[in-house]
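Lettering of chains follows the sequences in order, A, B, ..., and the numbering in each one begins at 1. These numbers were taken from a predicted model, which means no experiment stands behind them.
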2 protein chains.
Amino acid sequence: MVSDDLFADPPEDTQEEILQAAFEVLQEQGYSGLSIQRIANKVGLQKASIYYHYPDKDDLLLSFVDHILDRMESDLIRTADVSPKRQLEDILDSLLLDDRASTSAVEISPPSDNLLKVFIQIRAQATHNSDYQDRIAAIDERHEEHLAAIIQRGIDAGEFRDVNPNQVATALSTFILGSFSRRATGTPVSLEPVHKSMCSYLENSVYI
Amino acid sequence: MVSDDLFADPPEDTQEEILQAAFEVLQEQGYSGLSIQRIANKVGLQKASIYYHYPDKDDLLLSFVDHILDRMESDLIRTADVSPKRQLEDILDSLLLDDRASTSAVEISPPSDNLLKVFIQIRAQATHNSDYQDRIAAIDERHEEHLAAIIQRGIDAGEFRDVNPNQVATALSTFILGSFSRRATGTPVSLEPVHKSMCSYLENSVYI
DNA sequence: ACAAGACTAACAAACGTTCAGTCGGTAAAA
DNA sequence: TTTTACCGACTGAACGTTTGTTAGTCTTGT
């Protein structure tokens with residue numbers, strides 16, 4: 001099983017190693033299989049040793065979720081010094097297209113399949129856990145604000161019509177979320193048609 | 001806790017009562033809290049009694065998932081004897097708008113919040129369990145075929161442009177999935193802006 | 001009397017958690 | 001320089017609880 005990393009740099013302390021292990025266990029066993037024992041096995045520690053680094057499981061999971069969501073957010077939100085239209089298309093390209101034949105100005109790498117799967121699982125916990133719900137809601141909100149700002153820039157620059165930025169932003173982020181959910185939970189299907197429809201929406205309803 | 005029913009008619013045999021109980025436990029405790037003990041408590045039985053009705057937990061969960069997905073699919077897929085354009089709009093209205101000020105021709109009730117939450121949780125299991133993955137993929141496919149058929153009818157009837165039905169259908173179903181995920185995992189937010197954007201996409205890119 | 005359906009009781013395994021103890025290394029005291 | 005104390009990191013064993021599951025028994029309607 002090839003599993004990519006939770007951290008940009010290789011984990012330095014044991015705490016980070018533990019979070020990386022949790023990341024892998026969650027991919028393989030799902031949230032209900034995410035036990036201290038399995039995390040410990042993955043790190044190569046006794047399960048009692050986990051309690052030296054984290055006071056309890058809840059605390060460990062909280063740290064873990066924070067890291068995952070931070071990582072996810074950094075993939076979703078990037079500033080770039082290009083035209084609004086170009087920026088919007090770069091975002092959609094990088095998030096929805098699998099092949100990296102990217103003509104993108106800024107190098108935006110899409111969330112990996114593994115990160116997406118974990119993200120979707122954490123999101124699912126938000127259905128019954130209000131702590132998770134708050135964090136997810138916060139991410140959604142910031143993502144939308146980011147998109148709305150781009151659209152507002154486009155309107156100001158005369159590139160976009162006088163649409164409601166928040167409305168379009170909500171639609172875009174909902175669309176992106178749907179694509180992520182598809183990629184993570186269905187059979188691997190090309191999102192190219194989705195991307196095409198999205199572009200034609202922008203062409204015909206948003207751009208001048 | 002007000003929980004709506006998994007079955008249209010009140011459950012008749014104990015087997016159905018058990019599935020209904022599982023439905024409620026899953027809402028309250030999530031997938032990792034879905035234990036035989038809690039299901040038994042909810043039905044008012046000893047946990048050993050569950051094993052009189054189902055051979056083991058796997059089998060119970062399989063039946064449960066089948067029921068949930070059937071129910072979900074029947075909400076997603078409805079035939080109606082109206083114009084393609086009207087049918088498409090009825091579908092979007094019923095799936096995305098919360099208030100029931102519906103001017104819909106056929107009475108389409110949207111999936112309840114509880115059903116959506118459970119659906120999203122089951123979907124999340126598909127990230128690491130191939131049995132679930134297959135079922136989810138099958139649902140997605142039938143949902144898309146349903147939408148594609150409507151679009152094809154629209155093209156034939158001269159109401160729609162000569163778009164690629166499958167491409168548009170994929171986009172629509174992805175969009176709907178995103179809305180569901182939003183409703184189930186974020187803070188309760190109005191999907192009205194999403195609906196508006198979707199309509200303007202159809203107006204400007206699909207309808208004649 | 002018979003079978004359907006629910007019960008009690010017990011099982012091994014896995015769960016999260018605690019705690020006393022061990023080991024290597026570093027810093028202070030002799 | 002040797003001894004002592006300390007400390008961070010980890011181990012091993014045990015705890016009480018919950019998990020899924022089985023076996024056997026009792027109750028109830030036919």
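In this structure, CD of A:Gln15 is placed 13 Å from C1' of D:dG8, rounded to the nearest angstrom. Between the P atom of C:dC7 and the CG atom of B:Asn41 lies a distance of 11 Å, rounded to the nearest Å. In this structure, A:Ile39 places its CD1 atom 11 Å from P of C:dT17, rounding to the nearest Å.
At least one donor-acceptor pair closer than 3.5 Å links the side chain of A:Arg38 to the backbone N or O of A:Gly33. The main-chain N or O of B:Leu34 is never found under 3.5 Å from a side-chain atom of B:Gln29 such that the two would form a donor-acceptor pair. Judged by distance alone, with hydrogens and angles left aside, the side-chain atoms of A:Arg123 form no donor-acceptor pair with the main-chain N or O of A:Ile136 at under 3.5 Å.
Residue B:His53 places no side-chain N or O under 4.0 Å from the OP1 or OP2 atom of C:dA4. In this structure, B:Thr14 does not reach the C:dG5 phosphate: none of its side-chain N or O atoms is under 4.0 Å from OP1 or OP2.
The pair A:Asp90-A:Arg86 counts as a salt bridge, with a side-chain nitrogen and a carboxylate oxygen less than 4.0 angstrom apart.
In B:Lys196, the NZ atom is not crowded: 12 or fewer heavy atoms of neighbouring residues, nucleotides or ligands sit closer than 6.0 Å.
For residues 49-68 of chain B, the side-chain hydrogen bond (donor to acceptor under 3.5 Å, both in side chains) pairs, not counting sequence neighbours, are B:Asp66-B:Arg135.
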Sequence-aligned protein contact record of nucleotides 11-30 of chain D, with B where the base is within under 4.0 Å of a protein heavy atom and S where only the sugar-phosphate is: BB------BBBBB-------
DNA chain C base-pair string [pairs: Watson-Crick or G-U under 3.5 Å; |: paired with another strand]: ||||||||||.||||||||||||||||||.
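Classified by interplanar angle (parallel below 30°, tilted 30° to 60°, perpendicular above 60°), the ring pair B:Phe23/B:Phe64 is tilted. The aromatic rings of A:Phe180 and A:Phe119 lie perpendicular to each other, with more than 60° between the two planes, well past the 30° mark.
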